[in-house]
Amino acid sequence: MTQHLLDMDDLSNEKITALFQVAKSYETKGIPVSQKSNFIAPLFYENSTRTSASFEIAAKSLGFKVLNFSIENSSSAKGESIEDTIQTFIAMGISTIVMRHSSDSLIFSLKETFINQCSFINAGSGARAHPTQTLLDLYTLQGLRIPFSNLKVAVVGDLKHSRVVRSLIKGFKCLGLSDYRLVSPPEFTIPDVDSEKVSHSLADGLEGVDVVIALRVQKERFLEEERLDLESYQEHFCLTESLIKAHCPDAKIMHPGPMNRGVEISSELADGPRSLIFKQVRNGVLVRAALLEEMAV
Ligand code: NCD
């Protein structure tokens, strides 16, 4: 296992399989106290509920120490650079930094700066990467017991601003899941993807899939000139039970959260029997615990 997890390129099929075996054992027997040690600093420069809480729960379940740190109350408000903050943590014995930041590239350059001094885990960088979300999504998909080579998945929503989908596409490739569709309005597509995978019609994109992964409209990442006609978006892209029944009646529903109910997904669907959304949340703790245990010294 690499010392850092910045994107799915840092992992291989074998490494993911091994991580999932550990996560599975935690699922059946609970997360045991680790024989290793780790001191973790969560460095969240963007808001987070699920990712930050699940890293903390995972780490504490393993018996690791977690720094109680929030950016708002830190010296970054006094103008301290992020490099100095990290250098300070390293001097105090922090071994792992779990970081979320609006910059696509910052964590990648920080890793180079501090390469042998601490491990970095990317908890979301700009619109570029969110590898631990991908791990928990793949683990949740694996739980459906359909081989990845047969699984049909539609990823629906604001793809353009989504780090989730960018890492997920890498994860699909790594595990041999090739039958996926990227469904969005034309203005929300991502560049440089296989055009055969792209659909701008929700009905076409959903046809016959096993799983639908809904994504939030990420307004906070819109450029100034970007506008959204919310009513038109809801009319054409909000996932509802009746749409699923019509096009993929056996499909399961996933969403990384946070959800905007009534915008990209109806409450009936989010809370209904086909929803795996809170299973994803539980799986997030297991998978992040497996990752932290693997990276600890
Ligand atoms: C995602 C994120 O932060 O990129 N959420 C998450 O980590 N659970 C998706 C989102 O914010 O829409």
Side-chain angles (χ1 to χ4, degrees), residues 5-8 23 42-59 70-71 97-108 120-141 153-172 182-185 188-190 211-223 226 228 230 233-234 237-239 253-266 269-270 275-289 291-292:
L5 178 61
L6 301 197
D7 202 352
M8 295 306 289
L43 219 56
F44 280 70
Y45 287 84
E46 269 190 357
N47 294 353
S48 172
T49 298
R50 275 149 285 269
T51 307
S52 63
S54 68
F55 266 112
E56 184 170 345
I57 293 166
S70 75
I71 300 293
I97 291 185
V98 177
M99 186 172 141
R100 169 172 285 194
H101 200 282
S102 58
S103 162
D104 281 1
S105 58
L106 182 62
I107 193 169
F108 292 83
F120 284 94
I121 300 179
N122 189 353
S125 54
R128 175 169 171 181
H130 195 354
T132 64
Q133 180 68 43
T134 293
L135 286 174
L136 78 88
D137 289 343
L138 293 173
Y139 184 77
T140 306
L141 289 172
V153 179
V155 189
V156 180
D158 174 7
L159 310 174
K160 179 179 180 185
H161 302 98
S162 174
R163 52 193 174 212
V164 172
V165 73
R166 285 178 175 78
S167 286
L168 197 57
I169 289 170
K170 292 184 178 181
F172 284 165
L182 303 169
V183 188
S184 73
F188 281 166
T189 48
I190 24 180
V211 181
V212 182
I213 302 181
L215 296 175
R216 183 173 65 90
V217 175
Q218 294 141 78
K219 283 219 197 86
E220 74 279 12
R221 292 201 198 108
F222 279 28
L223 300 172
E226 287 181 294
L228 171 73
L230 194 63
Y233 185 84
Q234 287 165 306
F237 284 92
C238 184
L239 291 160
I253 306 297
M254 291 168 52
H255 190 309
M259 288 184 274
N260 283 327
R261 290 169 181 259
V263 178
E264 72 270 4
I265 189 166
S266 72
L269 202 52
S275 170
L276 300 177
I277 296 169
F278 290 95
K279 187 155 188 58
Q280 285 174 273
V281 173
R282 282 192 292 280
N283 287 343
V285 175
L286 302 170
V287 165
R288 289 180 173 118
L291 181 71
L292 290 173

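Just follow the structure's listing: the first ligand is 1, and inside any ligand the first atom is 1.
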>> Any heavy atom of P258 closer to ligand 1 than 4.0 angstrom?
In response: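 Yes; P258 lies near enough to ligand 1 that a heavy-atom distance drops under 4.0 Å.
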Using heavy atoms and a 4.0 Å limit, tell me yes or no: is E46 in contact with ligand 1?
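Flag not set, E46 not near ligand 1.
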Using a 3.5 Å distance criterion without hydrogens, assess whether the side chain of [X] forms a donor-acceptor pair with backbone atoms of [Y].
X    : Y    : answer
R221 : H161 : yes
R100 : N47  : yes
S54  : V285 : no
N122 : L6   : yes
Q280 : L136 : no
R166 : A129 : no

Specify the protein heavy atom at minimum distance from [atom]: its residue, its atom name, and the distance to 0.1 Å.
atom                    : result
atom 11 (O) of ligand 1 : R216 NH2, 2.9 Å
atom 7 (O) of ligand 1  : H130 NE2, 2.7 Å
atom 8 (N) of ligand 1  : P256 O, 2.9 Å

For F172 and L141, run side chain to side chain contact (heavy atoms under 4.5 Å, CB included): C-alpha distance rounded to whole Å, both residues' side-chain angles, the deciding distance at 0.1 Å, then the answer.
CA-CA 10 Å; F172 284 165; L141 289 172; 3.9 Å; yes
- Message: Under 4.0 Å from a heavy atom of V164: which atoms of ligand 1 are those, numbered in the order shown and with their elements?
- Response: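 In order of numbering, the contacting atoms are 1 (C), 4 (O), 9 (C).
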For Q133, the ligand 1 atoms with a heavy-atom partner under 4.0 Å come out as 6 (C), 7 (O), 8 (N)
### Query
Can you tell which of G124, G257, A129, S167 gets a heavy atom nearest to atom 1 (C) of ligand 1?
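Looking at heavy atoms only, the winner is G257.
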Closest heavy-atom approach to atom 3 (O) of ligand 1 among Q280, E220, R163 is made by R163
